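Being a predicted model, the structure only gives us computed values, none of them experimental.
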Amino acid sequence: CLLSALRVFFLHWSAAAARTGASDMQPNQVSASPHSYVTKAPVTKSEQLLKLDGHDFTMRPGFGGPAIPVGVDVQLESLDTISEVDMDFTMTLYLRHYWKDERLSFPSNTNQSMTFDGRLVKKIWVPDIFFVHSKRSFIHDTTTENVMLRVHPDGKVLYSLRVTVTAMCNMDLSHFPLDTQTCSLEIESYAYTDDDLMLYWKRGNKSLQTDEKISLSQFLIREFHTTTKLAFYSSTGWYNRLYINFTLRRHIFFFLLQTYFPATLMVMLSWVSFWIDRRAVPARVPLGITTVLTMSTIITGVNASMPRVSYIKAVDIYLWVSFVFVFLSVIEYAAVNYLSTLQERKERMQSNRLPCTCGMTHPGQMMMSNSYSDMDMMTTGNYGMSCYVSVHVCVQNNPCRQN
């Protein structure tokens, strides 16, 4: 009995101890469970060195103080296309920004800078530069995004990227193809006015570097230069704007071969009809029509590659004057043919009114006289036959014929 009582007591005590231990452990487990599912992003050594977690990089450096100076320089890689139809140009360039952000300063015994790729750019403040009047632009990403960030121990930052941009260029084509065009690429901050960000060329005119091998098939690049102006927006204020200006002069030799020489030859070809006999209708009419249609094709081809401007271009004046010369050569033949026909009718009417006299020459002798050759007999046609019939009838009705 004693052993049975001890066994029951031991079982009850074990169960009570188990319940007490479970209740003591449950709060600890619940409190620890949230930490078991929360993971913190690992902090890299560069971020620890730059102390990115200790600063708010959504604001510009020196917020509340004077405007932060941001220097810019550009290295032009290529000038790809110039389009008169779309009134734009495309170029590829290296755009570099220089500023100082003391929040990025770090201790260094060797005073060496650190270079990063585009991944760190998204975590710090960078100038919000954009291209004014641009139609399309993109940052190259082959094989990786072409972005470079270099930070110096004192907080100076170099931010470089490779960009291709297509921007608008207002062209005056009134002297085309003897024209000279000036285009500009405009750089400006989108959000920060001149009170917050001072945009300037890092080294003046030397801030723009170009490759000597840059060339265009249709233009001669005369010069590149930089300027700085202030742009005003009524709703936001004044902004610093940087300009990359370049002047282009068009090559004329291509248009001499494709437009001017063919048009000149068509005008000279239309003048050949002046030396062709006016009675050779099958020779003169096709020649005039061919030259007119050729000039129309040349004019259409030139206008197809040009924008639909509302003013007259220099090439239009030359082509339309040439077209008028060709057209007048056709009108000249029509006028000559019409006037010669009137003259022949007058001569026939006068011959029909001639009086009949005795001793009139035999009609056959009249037709074969020395004043007409065989060719004239073939070309005069009906006029000669009418003259012959008129004289023959006159001789038959003449009473003096019996003598």
> Calculate, to the nearest 0.5 Å, the distance between atoms SG and CD belonging to C169 and Q181 respectively.
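It comes to 6.5 Å.
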
> How long is the span from the CG atom in N146 to the CD1 atom in I139, to the nearest 0.5 Å?
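Reported value, rounded in 0.5 Å steps: 9.0 Å.
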
> Look only at the side chain of R241 and the backbone of Y243, and say whether a donor-acceptor pair between them is shorter than 3.5 Å.
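Not confirmed, R241 side chain does not pair with Y243 backbone.
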
> With H97 as reference, evaluate Y200, W201, Y159 under the ring-ring contact (aromatic ring centres under 6.0 Å, His included) test and give the passing residue.
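Testing each of Y200, W201, Y159 against H97, the sole residue satisfying ring-ring contact (aromatic ring centres under 6.0 Å, His included) is Y159.
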
> Below 30° counts as parallel, above 60° as perpendicular, anything between as tilted: where do the rings of F138 and H140 land?
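If you compare the ring of F138 with that of H140, the planes turn out tilted.
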
> Parallel, tilted or perpendicular: which one describes the rings of F176 and F255, with boundaries at 30° and 60°?
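It falls in the perpendicular class, over 60°.
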
> Kindly indicate whether the side chain of L248, heavy atoms from C-beta on, has any atom under 4.5 Å from the side chain of L220.
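The answer is no, as the side chains (C-beta and beyond) never meet within the 4.5 Å cut-off.
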
> Take atom CZ of F253 as the centre, draw a 6.0 Å sphere, and report whether it contains more than 12 heavy atoms from other residues, nucleotides or ligands.
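Atom CZ in F253 is not crowded, with 12 or fewer foreign heavy atoms closer than 6.0 Å.
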
> What pairs of residues pass the side chain to side chain donor-acceptor pair (under 3.5 Å) test when at least one of them lies in residues 202-214, not counting sequence neighbours?
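Counting only pairs at least two positions apart or across chains, the side chain to side chain donor-acceptor pair (under 3.5 Å) contacts touching residues 202-214 are N205-T226.
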
> Shortest non-hydrogen contact from L216 to D80?
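In terms of heavy atoms, the two residues are closest at CD2-O, 3.7 Å.
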
> Would you say that more than 12 heavy atoms from the other residues, nucleotides or ligands in this model lie under 6.0 Å from the CG of L293, or not?
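Above 12, so yes.
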
> Less than 4.5 Å apart, any side-chain heavy atom of F131 and any of V163?
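In contact.
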
> Please find the pair of heavy atoms, one from M306 and one from L173, that lie closest to each other, and give the distance.
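Residues M306 and L173, closest heavy atoms: CE-CD1, 3.5 Å.
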
> Of all the heavy-atom pairs spanning Y192 and T58, show the shortest one and how long it is.
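Smallest heavy-atom distance, with atoms named: OH-O, 4.4 Å.
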
> Treating D128 as the side-chain partner and V126 as the backbone partner, does any N or O pair qualify as donor plus acceptor under 3.5 Å?
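Checking the backbone N and O of V126 against the side chain of D128, no donor-acceptor pair under 3.5 Å is found.
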
> Mind checking whether Y318 and T259 have side chains closer than 4.5 Å, heavy atoms only?
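No, every pair of side-chain atoms sits at 4.5 Å or beyond.
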
> How about I68 and W125: do any of their side-chain heavy atoms sit closer than 4.5 Å?
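In short, these two side chains touch, coming nearer than 4.5 Å.
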
> If we check ring-ring contact (aromatic ring centres under 6.0 Å, His included) with Y239, which of these qualifies: Y190, F130, Y233?
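Looking at Y190, F130, Y233, the match for Y239 under the ring-ring contact (aromatic ring centres under 6.0 Å, His included) is Y233.
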
> Could you walk me through whether R96 and Q75 pass the side chain to side chain donor-acceptor pair (under 3.5 Å) check?
CA-CA 8 Å; R96 302 186 181 96; Q75 181 174 350; 3.1 Å; yes

> Before you tell me yes or no, could you show the steps for T180 and R222 under side chain to side chain contact (heavy atoms under 4.5 Å, CB included), namely the whole-Å CA-CA distance, both residues' side-chain angles and the distance that decides it to 0.1 Å?
CA-CA 10 Å; T180 300; R222 299 183 62 179; 4.1 Å; yes

> Look at K229 together with E186 and state whether they make a salt bridge at an N to O cut-off of under 4.0 Å.
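Salt bridge: no.
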
> For the CZ atom on F219, are there more than 12 heavy atoms of other groups (residues, nucleotides or ligands in this structure) within a distance under 6.0 Å?
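It does: F219 CZ has more than 12 such atoms within range.
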
> Using side-chain heavy atoms (C-beta onward) and a distance below 4.5 Å, is V70 in contact with M198?
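Side-chain contact under 4.5 Å: no.
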
> With a 4.5 Å limit on heavy-atom distance, are the side chains of S305 and E84 in contact?
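Answer no - side chains too far apart.
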
> Atom OG in S189, atom CG in N240: separation rounded to 0.5 Å?
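Going from the OG atom of S189 to the CG atom of N240 covers 8.5 Å.
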
> Begin with the C-alpha distance, continue with both residues' side-chain angles, and end with the deciding distance and a verdict on side chain to side chain contact (heavy atoms under 4.5 Å, CB included) for S340 and Y338.
CA-CA 6 Å; S340 62; Y338 177 72; over 6 Å; no

> Step by step, would you call T164 with T92 a side chain to side chain donor-acceptor pair (under 3.5 Å)?
CA-CA 4 Å; T164 294; T92 301; 2.9 Å; yes

> When you look at I124 and D101, which way does the side chain to side chain contact (heavy atoms under 4.5 Å, CB included) test go after all the steps?
CA-CA 10 Å; I124 67 171; D101 190 348; 5.9 Å; no

> Would K123 pass as a cation-pi partner of F57, given that its NZ or CZ must be under 6.0 Å from the six-membered ring centre and within 45 degrees of the axis?
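The answer is no, since K123 fails at least one limit relative to F57.
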
> Counting C-beta onward and ignoring hydrogens, is there a side-chain heavy-atom pair between V326 and M295 closer than 4.5 Å?
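In short, these two side chains touch, coming nearer than 4.5 Å.
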
> Without swapping roles, check the side chain of E188 against the backbone of I129 for a donor-acceptor pair under 3.5 Å.
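Not a single qualifying donor-acceptor pair exists.
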
> Once rounded to the nearest 0.5 Å, what's the spacing between atom SG of C183 and atom CG of N245?
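Rounded to the nearest 0.5 Å, the SG-CG separation comes out at 9.5 Å.
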
> Answer yes or no: are there more than 12 heavy-atom neighbours, outside H175 itself, under 6.0 Å from its atom NE2?
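No, not enclosed.
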
> Taking atom types as modelled and ignoring hydrogens, do the side chains of Y98 and D73 form a donor-acceptor contact shorter than 3.5 angstrom?
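Distance-only check passes for Y98 and D73.
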
> Will you find, in the side chains of T166 and T90, an N or O donor that is under 3.5 Å from an N or O acceptor?
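A donor-acceptor contact under 3.5 Å links the two side chains.
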
> Hey, are the side chains of L158 and L149 touching, using non-hydrogen atoms and a 4.5 Å cut-off?
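Of all side-chain heavy-atom pairs linking L149 with L158, none is under 4.5 Å.
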
> What's the spacing between T81 OG1 and D88 CG if we round to 0.5 Å?
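If I round to the nearest 0.5 Å, the distance is 6.5 Å.
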
> Return the minimal non-hydrogen interatomic distance between P127 and L197, and the atom names on each side.
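Looking at all heavy atoms of both residues, the closest pair is CB-CD1, 4.3 Å.
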
> On the 0 to 90° scale, with breaks at 30° and 60°, tag the F89-F246 ring pair as parallel, tilted or perpendicular.
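Geometry flag for F246 against F89: perpendicular rings.
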
> Judged by atom type as modelled, is there a donor-acceptor pair below 3.5 Å linking the side chain of N303 to the main-chain atoms of I299?
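Yes, N303 side chain to I299 backbone: donor-acceptor pair under 3.5 Å.
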
> Just grab all the side chain to side chain donor-acceptor pair (under 3.5 Å) pairs involving residues 110-120, residues at least two apart or on different chains.
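Pairs touching residues 110-120 that pass the test: T115-R150, D117-R119.
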
> Which atoms form the tightest heavy-atom contact between P177 and I252, and what is the distance?
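P177 and I252 have their closest heavy atoms at CG-CD1, 3.6 Å.
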
> What residue pairs, at least two apart or across chains, pass side chain to side chain donor-acceptor pair (under 3.5 Å) with a residue in residues 280-299?
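Qualifying pairs, neighbours excluded: R284-E332.
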
> Mind checking the CD1-CG spacing from I244 to L93? Nearest 0.5 Å is all I need.
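If I round to the nearest 0.5 Å, the distance is 6.0 Å.
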
> Under 6.0 Å from the CZ atom of R278, do we count more than 12 heavy atoms belonging to anything else shown?
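Above 12, so yes.
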
> For atom CZ of F63, is the number of surrounding heavy atoms from other residues, nucleotides or ligands below 6.0 Å larger than 12?
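Counting other residues, nucleotides and ligands, CZ of F63 stays at 12 neighbours or fewer.
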
> Any idea which heavy atoms bring K135 and M87 closest together, and the distance?
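Reported closest heavy-atom pair: NZ-O, 4.1 Å.
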
> List the steps and the verdict of side chain to side chain contact (heavy atoms under 4.5 Å, CB included) for E223 and H225.
CA-CA 7 Å; E223 63 175 346; H225 64 278; 4.3 Å; yes

